[in-house]
Amino acid sequence: MHQVILSLAANCDAEKNLPEARLCLEQILAFTHYTDAVWTEPIGCKRKDLYLNQLVKAMTELSFDELRSQLKTIELKIGRTAEDRQEGIVRLDLDILAFDDERHHLADWERHYVKMLLPQL
């Protein structure tokens, strides 16, 4: 089993999409623990819509590549498209922040909401 920390974010239909994402994640993760969800200002985006952000700490038997692939499938299921991405619309963004002891998306670790939510894990 691998320990993972994931970030969940959305700036469009967030209050609907994050709960739907959590249901999907429950199918591929075990022993999930979610932080509170918090609204944040956009960083470097075309649109000025607020983001709803949340972290989850969990266990999985999937490899890193398998997990990343499953996360992309969940994003597509919830409606993420290349066209939306170009417009700055984020229906759902799922990122692997940590896989076992290896950190990913290093710039995200410096974001205020990540630092604020990590103690909840």
Side-chain angles (χ1 to χ4, degrees):
M1 291 287 271
H2 303 283
Q3 183 176 2
V4 298
I5 298 175
L6 309 178
S7 68
L8 296 74
N11 72 358
C12 180
D13 297 325
E15 291 175 314
K16 176 180 93 49
N17 292 344
L18 257 60
E20 189 175 336
R22 289 191 297 266
L23 290 174
C24 293
L25 290 171
E26 298 294 328
Q27 304 301 310
I28 62 170
L29 301 175
F31 309 109
T32 56
H33 175 74
Y34 294 91
T35 65
D36 295 334
V38 296
W39 292 99
T40 62
E41 296 287 333
I43 299 171
C45 299
K46 290 181 183 180
R47 297 173 61 99
K48 299 302 174 197
D49 303 295
L50 293 178
Y51 277 79
L52 188 58
N53 296 277
Q54 188 171 39
L55 302 179
V56 59
K57 184 177 189 178
M59 302 295 288
T60 185
E61 292 184 1
L62 299 172
S63 70
F64 178 87
D65 289 336
E66 291 168 333
L67 177 60
R68 185 174 51 198
S69 176
Q70 289 289 318
L71 297 180
K72 296 306 169 200
T73 298
I74 292 169
E75 289 176 346
L76 293 173
K77 177 182 178 186
I78 293 183
R80 188 160 190 184
T81 66
E83 295 81 17
D84 280 354
R85 185 179 184 129
Q86 289 177 339
E87 295 299 318
I89 298 168
V90 180
R91 295 183 191 281
L92 180 66
D93 184 35
L94 299 172
D95 289 324
I96 303 169
L97 294 185
F99 190 87
D100 291 330
D101 293 327
E102 188 174 334
R103 287 185 172 193
H104 300 270
H105 294 273
L106 298 180
D108 289 354
W109 286 89
E110 297 304 316
R111 295 194 177 188
H112 176 263
Y113 75 90
V114 172
K115 289 179 179 183
M116 179 180 69
L117 294 175
L118 276 174
Q120 294 182 25
L121 295 176

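None of the values given here were measured: they were computed from a predicted structure.
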[Y] side chain reached by [X] side chain, heavy atoms, under 4.5 Å:
X     : Y     : answer
Leu50 : Glu41 : yes
Asp93 : Arg80 : yes
His2  : Leu62 : no

Heavy-atom pair of closest approach, residues [X] and [Y]:
X     : Y     : answer
Asp36 : Gln54 : O-CG, 3.8 Å
Ala14 : Pro19 : O-CD, 3.9 Å
Ala9  : Leu18 : C-CD1, 4.0 Å
Glu75 : Leu92 : CG-O, 3.7 Å
Ser63 : Glu66 : N-OE1, 2.8 Å

Counting only heavy atoms not in [X], do more than 12 sit closer than 6.0 Å to its [atom1] atom?
X      : atom1 : result
Lys72  : NZ    : yes
His112 : NE2   : no
Glu61  : CD    : no

Which of these passes side-chain contact (heavy atoms from CB on, under 4.5 Å) with Leu94: Ile78, Leu8, Leu67?
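The option that passes is Leu8.
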Member of Val38, Leu118, Ile43 meeting the side-chain contact (heavy atoms from CB on, under 4.5 Å) criterion with Tyr113
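By the side-chain contact (heavy atoms from CB on, under 4.5 Å) criterion, Tyr113 pairs with just one of Val38, Leu118, Ile43: Val38.
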Full working for side chain to side chain contact (heavy atoms under 4.5 Å, CB included) between Leu71 and Arg68:
CA-CA 5 Å; Leu71 297 180; Arg68 185 174 51 198; 5.6 Å; no
Run the side chain to side chain contact (heavy atoms under 4.5 Å, CB included) check on Leu25 and Thr32 step by step: do they pass?
CA-CA 9 Å; Leu25 290 171; Thr32 56; 5.7 Å; no
Using modelled atom types only, decide if a donor and an acceptor are shared between the side chain of [X] and the backbone of [Y] within a distance under 3.5 Å.
X      : Y     : result
Asn17  : Arg91 : yes
Thr35  : Leu55 : yes
Asn11  : Val90 : yes
Trp109 : Leu97 : yes

Rounded at 0.5 Å granularity, tell me how far NE2 in His105 sits from CG in Asp95.
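These two atoms lie 4.0 Å from each other.
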So how far is it from Arg111 CZ to Ser7 OG, rounded to the nearest 0.5 Å?
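Nearest 0.5 Å value for the CZ-OG distance: 8.5 Å.
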Among the clusters formed by ILVMFWY side chains lying less than 4.5 Å apart, do [X] and [Y] turn up in the same one?
X      : Y     : result
Ile74  : Phe64 : yes
Leu121 : Leu6  : no
Val56  : Leu52 : yes

Verdict with supporting geometry, Lys77 and Cys24, side chain to side chain contact (heavy atoms under 4.5 Å, CB included):
CA-CA 9 Å; Lys77 177 182 178 186; Cys24 293; 3.6 Å; yes
Let's go through Met1 and Thr60 carefully: what are the C-alpha distance in whole Å and the side-chain angles of both, what is the deciding distance for side chain to side chain contact (heavy atoms under 4.5 Å, CB included) to 0.1 Å, and is it a yes or a no?
CA-CA 5 Å; Met1 291 287 271; Thr60 185; over 6 Å; no
Is the gap between the ring centers of His104 and Phe99 under 6.0 Å?
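No: the rings miss the under 6.0 Å criterion.
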